[in-house]
Amino acid sequence: MIKIRLADDNDEKLWKTLDAKLSSDVLRKKMADKQCYLAFENDRAIGCLRYGLFWDDIPFCNLLLVETAYRGHGYGTELMRRWETDMKNSGYDHVMLSTQADERAQHFYRKLGYKDCGALFLRSPPLSQPAELFFIKKL
């Protein structure tokens with residue numbers, strides 16, 4: 001059974017086992033701002049979601065991660081639903097996210113009702129990557 005909760009400052013070490021990209025300072029700020037969620041299956045952390053605000057106004061999912069062994073079982077969907085519900089309850093009417101064009105996640109997000117709304121092409125090293133596809137959803 002999945003359990004999803006907001007991460008707090010006691011979760012820094014646990015969070016880093018799933019997502020080591022953020023500095024400790026940034027992670028602690030995001031946790032204090034209630035912008036980090038953890039998903040558990042039988043008390044084992046199996047996924048996380050973190051977000052920020054696009055244009056300081058639209059919730060933007062920066063990371064959705066579910067451990068490989070747990071993918072395809074609805075955990076990512078549950079994390080997204082919890083986040084979307086919390087955003088709606090906080091008064092937001094849209095949410096956004098992005099993923100690279102060469103990643104399968106774009107199909108997952110479209111199944112959840114996200115609509116393509118643009119792309120970013122980074123062709124300047126060291127930032128070069130496939131197109132970043134942007135998606136939006138009305139809550």
Side-chain angles (χ1 to χ4, degrees):
M1 176 173 198
I2 189 170
K3 177 184 171 190
I4 298 171
R5 67 169 173 80
L6 288 167
D8 61 38
D9 55 353
N10 296 318
D11 294 316
E12 183 177 347
K13 186 176 179 182
L14 174 61
W15 186 278
K16 295 268 186 177
T17 67
L18 296 166
D19 170 27
K21 290 187 178 197
L22 295 182
S23 71
S24 292
D25 290 341
V26 171
L27 178 58
R28 282 193 293 270
K29 169 119 176 61
K30 292 189 86 51
M31 287 178 173
D33 291 344
K34 300 185 182 331
Q35 294 181 337
C36 297
Y37 293 83
L38 284 167
F40 296 86
E41 175 64 38
N42 298 323
D43 296 322
R44 173 179 159 68
I46 54 101
C48 60
L49 181 150
R50 63 176 157 82
Y51 75 97
L53 296 176
F54 188 81
W55 291 333
D56 298 324
D57 188 46
I58 303 168
F60 188 96
C61 179
N62 294 313
L63 174 75
L64 172 65
L65 183 138
V66 175
E67 287 191 345
T68 305
Y70 294 89
R71 292 180 187 164
H73 300 284
Y75 299 110
T77 299
E78 288 303 313
L79 271 163
M80 292 298 291
R81 284 187 180 145
R82 166 67 188 273
W83 175 64
E84 291 170 0
T85 298
D86 286 358
M87 295 306 96
K88 185 173 185 171
N89 290 342
S90 295
Y92 295 103
D93 57 3
H94 287 84
V95 290
M96 291 180 68
L97 53 83
S98 68
T99 189
Q100 287 184 195
D102 63 342
E103 295 176 333
R104 294 182 323 189
Q106 62 183 294
H107 308 295
F108 169 73
Y109 295 127
R110 287 183 186 112
K111 281 185 189 178
L112 295 181
Y114 285 80
K115 304 294 183 200
D116 296 65
C117 66
L120 175 66
F121 300 91
L122 295 172
R123 296 191 174 121
S124 179
L127 300 175
S128 298
Q129 68 174 49
E132 187 76 14
L133 304 177
F134 285 80
F135 296 86
I136 193 164
K137 182 177 181 178
K138 182 167 178 40
L139 299 175

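All values below were derived from every heavy atom in this structure, side-chain atoms included, with hydrogens, water molecules and symmetry-related copies excluded.
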Exercise: identify the closest heavy-atom pair between [X] and [Y]:
{"X": "Tyr51", "Y": "Cys61", "value": "CB-CA, 3.9 Å"}
{"X": "Leu27", "Y": "Cys36", "value": "CD1-SG, 4.1 Å"}
{"X": "Phe121", "Y": "Ala131", "value": "CE2-CB, 3.4 Å"}
{"X": "Ser98", "Y": "Phe60", "value": "OG-CZ, 3.5 Å"}
{"X": "Arg123", "Y": "Ser128", "value": "C-OG, 3.3 Å"}
{"X": "Met96", "Y": "Ile136", "value": "CG-CG1, 3.7 Å"}

Tell me whether [X] contacts the main-chain N or O of [Y] through its side chain, where contact means a donor paired with an acceptor under 3.5 Å.
{"X": "Arg82", "Y": "Ile4", "result": "yes"}
{"X": "Lys137", "Y": "Leu112", "result": "yes"}
{"X": "Glu132", "Y": "Ala119", "result": "no"}
{"X": "Gln129", "Y": "Leu122", "result": "no"}
{"X": "Arg71", "Y": "Val66", "result": "yes"}
{"X": "Lys3", "Y": "Leu38", "result": "no"}

### Query
Heavy atoms, side chains only, cut-off 4.5 Å: are Lys16 and Ser24 in contact?
yes
### Query
Can you check whether Glu67 reaches Arg44 side chain to side chain, under 4.5 Å on heavy atoms?
yes
[X] side, atom [atom1]; [Y] side, atom [atom2] - distance, nearest 0.5 Å:
{"X": "Lys21", "Y": "Asn62", "atom1": "NZ", "atom2": "CG", "value": "11.0 Å"}
{"X": "Asp33", "Y": "Arg28", "atom1": "CG", "atom2": "CZ", "value": "13.5 Å"}
{"X": "Ile46", "Y": "Thr68", "atom1": "CD1", "atom2": "OG1", "value": "11.0 Å"}
{"X": "Ser90", "Y": "Lys34", "atom1": "OG", "atom2": "NZ", "value": "11.0 Å"}
{"X": "Cys48", "Y": "Leu18", "atom1": "SG", "atom2": "CG", "value": "5.0 Å"}
{"X": "Leu97", "Y": "Leu133", "atom1": "CG", "atom2": "CG", "value": "10.5 Å"}

### Task
Take the angle between the ring planes of Tyr109 and Tyr114 and call it parallel below 30°, perpendicular above 60°, tilted in between.
perpendicular
### Query
Between Tyr75 and Tyr70, what is the ring plane arrangement, given parallel below 30°, perpendicular above 60°, and tilted in between?
perpendicular
Taking a hydrophobic cluster as the set of Ile, Leu, Val, Met, Phe, Trp and Tyr residues connected by side-chain heavy atoms closer than 4.5 Å, whether directly or through intermediates, do [X] and [Y] fall within one such cluster?
{"X": "Met87", "Y": "Leu79", "result": "yes"}
{"X": "Trp83", "Y": "Leu139", "result": "yes"}
{"X": "Phe108", "Y": "Leu49", "result": "yes"}
{"X": "Met31", "Y": "Leu53", "result": "no"}
{"X": "Ile2", "Y": "Tyr37", "result": "yes"}

### Task
Using the test salt bridge (Lys or Arg N to Asp or Glu O under 4.0 Å), find all partners of Asp8 that sit at least two apart in sequence or belong to another chain.
none
#### Entry: Atom NZ of Lys29 with >12 non-hydrogen neighbours under 6.0 angstrom
no
Looking at [Y] and [X], is there a salt bridge between them, counting it only when a charged N and a carboxylate O are closer than 4.0 Å?
{"X": "Arg5", "Y": "Asp11", "value": "yes"}
{"X": "Asp116", "Y": "Arg110", "value": "yes"}
{"X": "Glu84", "Y": "Arg81", "value": "no"}

